[in-house]
Amino acid sequence: MISVITGASAGIGAAAAEELSRRGHRVVLVGRDESRLNDVAGRFTGPKGDVVTCDFSSLDEVRRLAALLRERYERIEVLVNNAGVMSPDRRVTPDGHELMVQVNHLAPLLLTHTLADRVDRVVTTSSRAGQSGRIDPGDLSRERRRWNGWLQYGDTKQANALFTVALAAHGMAATCFHPGVIRTGFAGDARLMRLALALPGFAKPPEHGARPLVHLATHPDGVEHAGGYYSGGRFERVPSMSDPELAERLWQASLAALAG
């Protein structure tokens with residue numbers, strides 16, 4: 001059982017990788033830092049892990065990753081789109097896209113679309129922040145709208161859920177989930193996150209956030225509820241994150257952005 005996890009060098013991705021290994025999966029860990037990935041793989045109690053480096057702020061690196069995975073693995077049982085970033089400042093990648101929309105949405109869409117014929121199920125890390133999203137398929141990088149880091153982050157997490165809806169509409173067993181507020185280094189530069197982490201007992205350990213990921217990767221729910229958003233141990237329907245028409249518009253606009 002081959003499972004590919006992006007953003008696997010720490011936090012939720014690392015905790016999920018260890019648990020899937022314990023359950024017998026051969027896990028392919030993807031991230032930017034080879035040393036940290038090797039540290040995670042060294043803690044596996046199941047099959048030996050494979051390590052591949054990739055920086056999602058470069059679409060060429062994502063294309064190389066997809067080509068390498070296609071070359072190495074005939075089938076991928078689970079593709080976990082977990083890599084993500086939150087930046088309070090507006091940053092643009094060398095590809096010309098705003099950083100968060102590229103790393104959180106366009107890069108995983110490119111990877112998944114390229115591997116679609118090899119993958120049995122897709123699990124994507126979304127967030128309850130997506131409920132506040134107001135994604136505009138014609139303005140993915142917020143060039144024509146007011147900039148705010150958390151608004152853009154919410155857009156990208158809404159995009160994760162809509163991407164999941166579109167994948168299901170195109171015949172894939174795809175689900176996404178809200179991991180909760182997790183005590184990791186994620187969004188460490190953001191004041192709101194620092195405040196959340198300072199509240200006693202509010203933020204949970206990475207293992208807590210990994211549980212829904214592992215559930216959707218291994219349980220029939222991950223196939224039977226294609227297109228679903230999983231939060232708090234159950235599937236929820238959030239209108240802004242489940243609109244099939246908006247999902248298809250976003251799908252087409254995203255493919256056009258990647259082609260451009």
Side-chain angles (χ1 to χ4, degrees), residues 5-7 12-13 16 56 78-86 97-98 100-113 116 119 121-142 145 149-182 186-187 209-217 219 221-255 257-258:
I5 304 181
T6 69
I12 294 169
F56 276 20
V78 187
L79 171 61
V80 178
N81 293 311
N82 174 67
V85 66
M86 191 280 159
H97 305 293
E98 187 276 326
M100 282 186 279
V101 81
Q102 176 163 323
V103 172
N104 298 353
H105 171 59
L106 292 174
L109 187 152
L110 173 61
L111 180 64
T112 306
H113 189 256
V119 173
R121 72 170 82 182
V122 179
V123 180
T124 299
T125 304
S126 181
S127 169
R128 190 167 289 158
Q131 296 182 23
S132 66
R134 297 292 183 270
I135 192 76
D136 180 353
D139 186 24
L140 296 176
S141 291
R142 274 191 179 263
R145 293 176 292 158
W150 283 111
L151 289 178
Q152 179 69 346
Y153 179 73
D155 281 3
T156 66
K157 295 292 100 178
Q158 179 190 19
N160 291 154
L162 292 169
F163 165 57
T164 299
V165 171
L167 284 175
H170 287 263
M172 294 197 73
T175 52
C176 63
F177 70 98
H178 169 59
V181 179
I182 305 301
F186 183 77
R211 286 174 197 153
L213 189 164
V214 172
H215 176 81
L216 295 173
H219 192 274
D221 278 351
V223 174
E224 295 171 359
H225 293 270
Y229 166 70
Y230 191 74
S231 177
R234 62 188 179 89
F235 286 93
E236 294 184 2
R237 187 183 183 281
V238 181
S240 63
M241 298 169 70
S242 58
D243 181 343
E245 182 180 345
L246 179 57
E248 184 60 24
R249 286 172 52 216
L250 177 63
W251 175 268
Q252 296 301 333
S254 302
L255 291 179
L258 290 169

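Numbers for residues simply follow the sequence, beginning at 1.
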- Item | Close side-chain approach of Leu151 and Arg142, heavy atoms under 4.5 Å | yes

- Query: Is the backbone of Gly133 close enough, under 3.5 Å, to the side chain of Asp155 for a donor and an acceptor to pair up by distance?
  - Reply: no

- Task: Identify the two heavy atoms, one from Thr6 and one from Phe56, that lie closest to each other, and give their separation to 0.1 Å.
- Result: CG2-CZ, 3.8 Å

- Please answer whether the main-chain N or O of Arg128 pairs with a side-chain N or O of His178 as donor and acceptor at a distance below 3.5 Å. yes

- Hey, what's the ring geometry for His113 with Trp251, parallel, tilted or perpendicular (30° and 60° as the breaks)? perpendicular

- Tell me, do Leu109 and Asn81 make a side-chain contact under 4.5 Å, heavy atoms counted? no

- Does the pair Val78 and Val123 meet the rule for a side-chain contact (heavy atoms from CB on, under 4.5 Å), with working shown? CA-CA 7 Å; Val78 187; Val123 180; 4.2 Å; yes

- Trace of the side-chain contact (heavy atoms from CB on, under 4.5 Å) decision for Tyr229 with Thr164: CA-CA 8 Å; Tyr229 166 70; Thr164 299; over 6 Å; no

- Measure the OG-CG distance between Ser141 and Asp136 for me, rounded to the nearest 0.5 Å. 11.0 Å

- In this structure, CG of Leu162 is separated from OG1 of Thr156 (nearest 0.5 Å) by 11.5 Å

- Item | Any donor-acceptor N/O pair, Gln131 side chain to Gly154 backbone, under 3.5 Å | no

- Asn160 side chain vs Asn104 backbone, donor-acceptor pair below 3.5 Å: yes

- Considering non-hydrogen atoms only, spot the tightest contact between Pro137 and Ala253 and give its length. O-CB, 3.3 Å

- Do you know the tightest heavy-atom contact between Ser240 and Gly130? OG-O, 4.1 Å

- Task: Grab the two heavy atoms, one from Ile135 and one from Leu246, that are nearest each other, plus how far apart they are.
- Result: CG2-CD2, 4.0 Å

- Item | Distance-minimising heavy-atom pair for Ser127 and Pro179 | CA-CD, 4.5 Å

- Query: Side chains of Gln158 and His105: do they bring a donor and an acceptor to under 3.5 Å?
  - Reply: no

- Which heavy-atom pair separates Asp221 from Thr175 by the least distance, and what is that distance? O-CG2, 4.1 Å

- Between Asn82 and Thr125, is there a donor-acceptor pair closer than 3.5 Å when you use the side chain of the first and the backbone of the second? no

- Message: Let's go through Met241 and Ser126 carefully: what are the C-alpha distance in whole Å and the side-chain angles of both, what is the deciding distance for side-chain contact (heavy atoms from CB on, under 4.5 Å) to 0.1 Å, and is it a yes or a no?
- Response: CA-CA 10 Å; Met241 298 169 70; Ser126 181; 3.8 Å; yes

- Could you list the residues that satisfy ring pair (Phe, Tyr, Trp, His ring centres under 6.0 Å) with His219, not counting sequence neighbours? His215

- Partners passing ring pair (Phe, Tyr, Trp, His ring centres under 6.0 Å) against His97 (at least two apart in sequence or in another chain): none

- Query: What distance do Asp243 atom CG and Glu248 atom CD have between them, rounded to the nearest 0.5 Å?
  - Reply: 11.5 Å

- Note on the structure: Rounded to the nearest 0.5 Å, the NZ atom of Lys157 sits from the CH2 atom of Trp150 at a distance of 10.5 Å

- Query: Atom CG in Leu213, atom CZ in Phe177: separation rounded to 0.5 Å?
  - Reply: 4.0 Å

